[in-house]
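Here's the structure we're looking at; comments come further down.
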There are 2 protein chains.
Amino acid sequence: MAAQLTTLTRTAQPFRGFIAASAARELSPAGTTLGARPVESDPLATVGTLRCVERDMAVFSEGDDADSVYRVVDGMIRLHKLLPDGRRQVVGFLQAGDMLGLSVGGLYIYTAEAVTTSSLRRIPRERLDSLMDEQPALARKLLTTMTTELVAAQDQMLLLGRKTAAEKLASFLIALGKRAAARTPGCRRVELPMSRTDIADYLGLTTETVSRGFTKLKTARLIRLLEGNRVELVDQDALADMAGCCCG
Amino acid sequence: MAAQLTTLTRTAQPFRGFIAASAARELSPAGTTLGARPVESDPLATVGTLRCVERDMAVFSEGDDADSVYRVVDGMIRLHKLLPDGRRQVVGFLQAGDMLGLSVGGLYIYTAEAVTTSSLRRIPRERLDSLMDEQPALARKLLTTMTTELVAAQDQMLLLGRKTAAEKLASFLIALGKRAAARTPGCRRVELPMSRTDIADYLGLTTETVSRGFTKLKTARLIRLLEGNRVELVDQDALADMAGCCCG
DNA sequence: CGCGTAGTTGATGAAAATCAAATGTGGTGG
DNA sequence: CCACCACATTTGATTTTCATCAACTACGCG
């Protein structure tokens, strides 16, 4: 069979995860970017109209005409796809800075809903196109964005196809932890605004299995469940081991 | 829970699949494209140096320095990721026209190997960058390419997370069928140059389960196994039904 | 305060993995 | 050309993991 390289890159991946892509990590509090020069700060920071979406309401649905792309300003957005009989796969949880709605063929290929009440910037497709005409750098930036998303998607494929329930859960928590640490360095706590069902549908499990998994991690003293849907990652190294490699 | 839209788009998706993206469907036999005008034919068709890769040899490996992108000219390439203990997830099967090697953070995030002896065009990263400088349209084209890949990746997540073994197999065959039909309209036969193990690792199954699945589909007269690793899709509609929606 | 929903825990079942063996198949060398 | 070998595939028996079914608990909200 195939050559099995064992030199895996444990720390190599600049984690971004969750089929989310942030075109601007270096987000300035409120953009002052106006120029058309090749600026490093995000050219999309202030573009588009603000839209608020209540908890559990849809931003758009699978199959809708994909007339706009969105960028999360605040809150959390969940992306999912459905099978005809209702089985659901959550393909991403998005947070501030992440983009959604890029599509091919003119239709959205997933449904986007607010996990928590969220605000987004809506950018009509034509607006995005004209922006890319004006600033060729934008297309390159979005290309990076999409590439990052694809990396996350492939990590998730590995998770869904080959990891056990415990490994999936550990991976999920580690990924959330890295996210949290990126915002608040050194932070060991992660927020879980999404329901057990959401987590289950993201990891290809059932709510019961997710719940049992949390209980087991708690019993093993790897995590602590705090009030307010928070989790403390007590032993991140053990979790990372359990996650099997580069998390994802 | 979330609003469950039942209006799924069965036929809506312009299938591309397999985490492969073809930047040029409209490939001319040998490009005569030299100008820097916004041409519609593929600006990458003749760029880069040709490289041949023997069966089961690696094009590059996960963790390698990502100094080049590649484009498949002929043959089939398999992309995979590994867990530390050797569990493998195949994240894509690529054919002529498909691109591989785009990465973030400077390292390849999967291993690329030849399923069959293949030829590829190698394009150094700097060359690609300078090409994008010269032709802003190229970045947009690649953006479409990546978006298409991402759609395929999300379909695969749905498959891996929520489909049964039979559904996975049916989805796989339907997807291959659409590919084959795109090349040879009306064709009901698909080639399976990859091994059962490859298919299993692509679908998140074992070889035994894949084999049993094929046997069952054969017994149900939905497919016929031909010599030379070919399969005839006898009842594509039944297969599509079994695949559950838009294939993927 | 009590209802409804979300989450946890327990018992059982089913799908697919694992273990094991038989059958094919392609390639090599006699 | 045929025999043989190595390996891929198929088939069968058993085990395991996780899903399903069911009940109970906790929490939020009117």
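Throughout, protein chains are lettered first and strands after them, A, B, ... in sequence-line order, and every chain is numbered starting at 1. Note that these values count all heavy atoms, side chains included, but never hydrogens, waters or copies made by symmetry. All of these numbers come straight from a predicted model, not from anything done at the bench.
If you check D:dT10, C:dA16, D:dC18 against the side chain of A:T209, the one that comes closest is D:dC18. Here the side chain of A:T215 is nearest to one of D:dA19, D:dT9, C:dT8, namely C:dT8. Taking every side-chain heavy atom of B:S211 into account, D:dT9 is the closest of C:dA16, D:dT9, D:dA19. Ranking D:dT11, C:dA16, C:dT8 by closeness to the A:L225 side chain, first place goes to C:dT8. Looking at the side chain of A:R212, the nearest of the listed nucleotides D:dA19, C:dT18, D:dT20 is D:dT20.
At a threshold of 4.0 Å, the pair A:R87-B:E167 counts as salt-bridged, since one of the basic side-chain nitrogens sits closer than that to a carboxylate oxygen. Between A:D56 and A:R78 there is a salt bridge, with a side-chain nitrogen of the basic residue lying less than 4.0 Å from a carboxylate oxygen of the acidic one.
Side-chain atoms of A:R196 and base atoms of C:dT5 include no donor and acceptor less than 3.5 Å apart. Residue-to-nucleotide contacts include a donor-acceptor pair under 3.5 Å from the side chain of A:E208 to the base of D:dC21.
Neither OP1 nor OP2 of D:dC18 sits under 4.0 Å from any side-chain N or O of A:T206.
Rounded to a whole Å, the CD1 atom of A:I199 is 17 Å from the P atom of D:dC18. Protein atom CG of A:D198 is 9 Å distant from nucleotide atom P of C:dG7, rounded to whole Å. Rounded to an integer number of Å, the gap from A:R87 CZ to C:dA15 P is 12 Å. Remark: P of D:dT20 and CG of A:D85 are 10 Å apart, rounded to the nearest angstrom. The CZ-P distance, from A:F214 to D:dC18, rounds to 15 Å in whole Å. We find that NZ of A:K163 is positioned 18 Å from P of C:dA17, with the value rounded to whole Å. Look at CD on A:E167: it is 15 Å from C1' on D:dT16, rounded to the nearest Å. To the nearest angstrom, C1' of D:dG28 lies 12 Å from CG of A:N229.
Side-chain atoms of B:D98 never come within 3.5 Å of backbone atoms of B:L100 as a donor-acceptor pair (strictly under, hydrogens ignored).
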List, with names and distances, any nitrogen or oxygen atoms from the protein found under 3.5 Å away from nitrogen or oxygen atoms belonging to nucleotides 23-27 of chain C.
none

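At the heavy-atom level, B:T207 lies nowhere under 4.0 Å from the strands shown. Contact annotation for B:G213: no contact, since no heavy-atom pair falls under 4.0 Å across all strands.
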Take B:R162 and A:D201, measure what salt bridge (Lys or Arg N to Asp or Glu O under 4.0 Å) needs, and give me the verdict at the end. CA-CA 8 Å; B:R162 288 300 178 214; A:D201 285 347; 2.7 Å; yes
I would like to know whether B:E232 and B:R188 meet salt bridge (Lys or Arg N to Asp or Glu O under 4.0 Å); could you show each step before the answer? CA-CA 6 Å; B:E232 184 182 336; B:R188 299 187 152 288; 5.8 Å; no
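Legend: residues meeting side chain to side chain contact (heavy atoms under 4.5 Å, CB included) with A:R55, ordered by chain and number and at least two apart, are A:T117.
In summary, the side chains of A:R196 and A:S211 do not present any donor paired with an acceptor at a separation below 3.5 Å, with no hydrogens or angles considered. Looking at A:K163 and A:S171, their side chains do bring a donor and an acceptor atom within 3.5 Å of each other.
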